[in-house]
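Right, one structure below, let's go through it.
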Amino acid sequence: MSAADAEGMGPAQLAVLIARLTGVAHEMGEVLRRAAFSPNIKERADCSAALFTADGTLLVQAEHIPVHLGSMPASVAAAIDAFGDRIEPGQQVILNDPFAGGTHLNDVTVVMPVFGEAGIVAWVANRAHHADLGGTAPGSMPADATHIDEEGLRLSPQILTDEVAAAMAAASRTPEERAGDLDAQIGANRLGAARFAAIGTAGVEEVVAYGERRMRAALAELPDGTWAFDDVLDSFGPEPHQQQPTSIVVTLTVAGEHITFDFTGTDPQREGNVNAVEAVTVSAVAWALRSVLAPTTPANGGALRSVEVIAPAGSVVAAQFPAAVGAGNVEVSQRVADVCLGALAQVVPDRVPAASQGTMNNLLLGGDGWVSYETIAGGQGGRPPRPGTNGAPVAGMSGVHTAMTNTRNTPIEAFERAFAVRVLRYRLRRGSGGAGAAPGGEGIERDLEVLEPVTVSLITERRISRPWGLAGGGDGASGENWLLPGGDEYRAERLPDKVTRDIEPGDVIRMRTPGGGAWGPPST
């Protein structure tokens, strides 16, 4: 802590400052959830908040959604580039353009400056997944999209005015819900800016510097060298020519206090919606590295100064306009996290678990005046022994959200009250976790009956490939998607991993999510 002491700030003072700032981000998230209209934000907590320095460096974040938070600095940078020298007190910037700081269209980011005597001294931002922003299918993630314009309204960074808010609501199938969720985002930023201003910005540079020191110290403990890992996405759309795998390749190089994740060799962007912009890839790298090396390292911009990400432009991990990217945020991010963990497992095998389910199991439903978006939990990978476990590996958890998502379950009561659906079955999928010394966690089995004509979209992965085991552990089970017309088991139809179609009242959608891989061989 010599650097902190040199600045006149001791370790305890630094810890208190980080906790106070993090508390502001957490409170922003609570305000956003409580004020939101949609079950996706209010119940599932599909939203995130963070604080930034005056130059847009990530300062602190709440423990919200990894794929939101790791990519949010790109949104703040885009807002600063567009309006940083001419935004006025009380104004906010809105954006969702994946090619101008966003991720996928549903994730709407709102950025607000914090003013002091010398002008802008910091920024606050939050991101929320809006359940529908137009496009060719309810939920704005049509499985057959091949162009970004098919996925809905795209907003480049712009000052959030009443006219912009009205245009956003008008583009949606659920305008009142969009207006309510956006108002919640605006209110969360106002509170965050006021709280941040009250704390002041003294010491924020030391917070960032502390993150950098912690990450450099963690990297210095690793052996120098180069390792590689690859994995696949099962498909990039519902058409027969899209039902083929996409390879994601990473080469990890450690050199002293510097680490590089090079995705050269990854397949080019696809004619489908399974493409991720670079900000999403960076977020997955940051999550994997921080999870494995130093989970208590402050999640700020300083911690990434010694991390280099090489994502070739035009690849599936750095897609360019006009690619559809709806599934990039939710599915490509998961596989990027998997390959990063697979590479790190070769460097620090005692710290890396087997693969978790590797998908967010996206389910989108649209009926008369309503749209539902939800991700379904699955199995976590088994883990190597931890301190305090007496040398025993640790089984993966069952029915949880893993890796790049951190949302909650939608309570059945809230789900059935808000939408024309009935939950017929909701249970763990027994036997889906990989077998081993630390078994993989089990997936979920859920049956939903629709009560009126509905358009359904499924955006899922690991329906062909399986979550891999480590250290001799078995793979987890792949997932399954089914349609039961009229609820009839004898007419059950296996659905592709990605599909959009209309279904009738009484039809049942059955989803069986993947289990996690196991760590270590089964006992004999």
Side-chain angles (χ1 to χ4, degrees), residues 223 227-234 245 247-248 250 252 287-288 291-293 295 334-361 376-405 425-446 460-482 494 497 510-524:
W227 299 264
F229 196 84
D230 63 271
D231 206 335
V232 297
L233 294 156
D234 291 338
S247 294
I248 296 183
V250 69
L252 183 156
W287 174 83
S291 298
V292 170
L293 295 190
Q334 296 287 69
R335 198 63 71 253
V336 172
D338 283 342
V339 298
C340 291
L341 292 176
L344 288 166
Q346 301 170 61
V347 186
V348 282
D350 60 335
R351 299 188 194 179
V352 180
S356 296
Q357 66 165 339
T359 175
M360 296 192 194
N361 301 300
I376 314 300
Q380 182 189 63
R383 292 164 284 174
R386 291 179 168 184
T389 61
N390 297 318
V394 183
M397 297 177 65
S398 299
V400 293
H401 291 278
T402 59
M404 301 308 295
T405 180
R425 176 182 295 167
Y426 202 177
R427 65 188 184 189
L428 293 178
R429 184 186 175 197
R430 297 302 184 187
S432 58
E442 295 175 324
I444 290 287
E445 183 172 351
R446 192 173 75 160
T460 63
E461 271 291 328
R462 292 296 196 204
R463 267 44 184 180
I464 299 173
S465 62
R466 301 172 66 178
W468 34 264
L470 273 181
D475 295 344
S478 56
E480 301 174 4
N481 302 329
W482 294 86
R494 185 79 173 259
D497 57 348
R510 173 174 294 165
M511 185 179 287
R512 292 171 172 163
T513 67
W519 192 95
S523 58
T524 56

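Using modelled atom types, one side-chain atom of Arg335 and one backbone atom of Val232 make a donor-acceptor pair closer than 3.5 Å. Without hydrogens or angle criteria, Ser432 side chain to Pro514 main chain gives no donor-acceptor distance under 3.5 Å. Not one N or O on the side chain of Thr513 forms a donor-acceptor pair closer than 3.5 Å with the backbone of Gly443. Using a distance-only test at 3.5 Å, with no hydrogens or angles considered, a donor-acceptor pair links the side chain of Gln334 to the main chain of Met404. Arg386 places no side-chain N or O within donor-acceptor distance of the main-chain N or O of Pro393, the cut-off being under 3.5 Å.
Summarising the local packing, CE of Met397 is surrounded by 12 or fewer heavy atoms from other residues, nucleotides or ligands at distances under 6.0 Å.
One distance of note links CE of Met360 with OG1 of Thr402; it measures 8.0 Å at 0.5 Å rounding. With rounding to the nearest 0.5 angstrom, the CZ atom of Phe229 is 9.0 Å from the CG atom of Leu341. Taken to the nearest 0.5 Å, the CG atom of Asp338 stands 10.5 Å off from the CD atom of Glu461.
Using a 3.5 Å distance cut-off with no hydrogens or angles, the side chains of Arg463 and Asn361 do pair a donor with an acceptor.
The shortest side-chain heavy-atom distance between Val250 and Ile248 does not fall under the 4.5 Å cut-off. Side-chain contact check for Trp519 versus Pro349: every heavy-atom pair is 4.5 Å or farther apart. For the pair Val347/Pro223, a side-chain contact is recorded, criterion being any heavy-atom separation below 4.5 Å from C-beta on. In this structure, the side chains of Gln346 and Leu252 stay at 4.5 Å or more apart for every pair of heavy atoms.
In this structure, Met511 and Asn481 approach most closely via the heavy-atom pair CG-OD1, 3.8 Å. Nearest heavy-atom pair, Ala518 versus Pro439, reported as atom, atom and distance to 0.1 Å: CB-CA, 4.0 Å. Nearest heavy atoms, Pro353 versus Gly381: CB-O, 4.2 Å.
A side chain to side chain contact (heavy atoms under 4.5 Å, CB included) with Arg510 is found for exactly one of Glu480, Arg446, Arg425, namely Arg425.
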Candidate pair Arg429 and Ile444, rule side chain to side chain contact (heavy atoms under 4.5 Å, CB included), full reasoning: CA-CA 5 Å; Arg429 184 186 175 197; Ile444 290 287; 5.9 Å; no
Solution key, residues 466-479 side-chain donor-acceptor pairs under 3.5 Å, sequence neighbours excluded:
from	atom 1	to	atom 2	distance (Å)
Arg466	NE	Gly476	O	2.9
Trp468	NE1	Asp231	OD2	2.9
Asp475	OD1	Gly469	N	3.0

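Contact check on Arg512 versus Glu445 returns a salt bridge, with a Lys/Arg side-chain nitrogen under 4.0 Å from an Asp/Glu carboxylate oxygen.
Scored by the side-chain hydrogen bond (donor to acceptor under 3.5 Å, both in side chains) test, Asp497 finds Ser235, Gln243 as partners (sequence neighbours excluded).
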